[in-house]
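Okay, structure first, notes after.
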Amino acid sequence: MTTTHASKTARAALALGAALALFAALPTSTAHAATGTFFYHSVQAGDLEMENPADGECRLLIQGGATSAKNGTNARATVYNDHGCEEVRTVLNPGQATTFSGALPHSVQFG
């Protein structure tokens with residue numbers, strides 16, 4: 001091997017090693033969002049929607065809670081009775097819809 005060829009090979013190996021180190025340093029978990037729209041009907045505000053809601057985030061069903069909901073996202077939507085995503089009411093898989101009676105749900109979480 002000539003000195004020039006060895007030098008080029010060493011530089012290529014160094015560049016490859018740096019690229020691999022950079023790739024390994026990238027975070028493995030990123031915040032995901034459900035793709036699509038979650039629709040619900042509010043007692044006080046009428047028809048409302050959430051576009052591409054973040055996974056794992058507790059979202060309020062504002063203006064008095066929801067009388068109905070349709071999960072138009074690609075993620076599971078867990079609907080809760082309370083405002084803090086603790087008392088599970090129901091789970092809506094993608095494409096499912098439901099109506100609520102009695103005590104209305106007040107929060108939802110995706111993922």
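With hydrogens and angles ignored, the 3.5 Å screen pairs no side-chain donor or acceptor of R89 with any backbone N or O of V79. Looking at S107, its side chain does come within 3.5 Å of a backbone N or O of C85 through a donor-acceptor pair. Judged by distance alone, the side chain of Q109 and the main-chain N or O of T78 form no donor-acceptor pair under 3.5 Å. A donor-acceptor distance shorter than 3.5 angstrom exists from the side chain of N74 to the backbone of T35, with no hydrogens or angles considered. A donor-acceptor contact shorter than 3.5 Å is absent between the side chain of N71 and the backbone of Q96. S42 places a side-chain N or O within 3.5 Å of a backbone atom of I62 that can act as its donor or acceptor partner.
Residues C58 and G84 come closest through the heavy atom pair SG-C, 3.6 Å. The nearest pair of heavy atoms linking F110 to A54 is CB-O, 4.2 Å. For the residue pair A75 and D55, the shortest heavy atom distance occurs at CB-OD1, 4.3 Å.
Atom OG1 of T37 sits about 11.0 Å away from atom CE of M50, to the nearest 0.5 Å. Annotation: the span from H32 atom NE2 to N52 atom CG amounts to 13.5 Å, rounded to 0.5 Å.
Contact annotation: the side chain of D47 never approaches that of F39 to less than 4.5 Å [non-hydrogen atoms, C-beta and beyond]. F100 is not listed as a side-chain neighbour of T67, based on a closest heavy-atom distance of 4.5 Å or more. Residues K70 and L92 are not in side-chain contact: their nearest non-hydrogen atoms beyond the backbone lie 4.5 Å or more apart. Using a 4.5 Å heavy-atom threshold, the side chains of L61 and V108 count as touching.
Here E57 pairs with R59 under the salt bridge (charged side-chain N to carboxylate O under 4.0 Å, His left out) rule; sequence neighbours left out.
Cluster annotation: Y40 and V43 are assigned to the same hydrophobic cluster (Ile/Leu/Val/Met/Phe/Trp/Tyr, side-chain heavy-atom contacts under 4.5 Å, transitive).
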Practice item. Under the side-chain contact (heavy atoms from CB on, under 4.5 Å) rule, what do L60 and H83 come out as? Steps first, then yes or no, please. Key: CA-CA 6 Å; L60 291 179; H83 291 88; 3.9 Å; yes
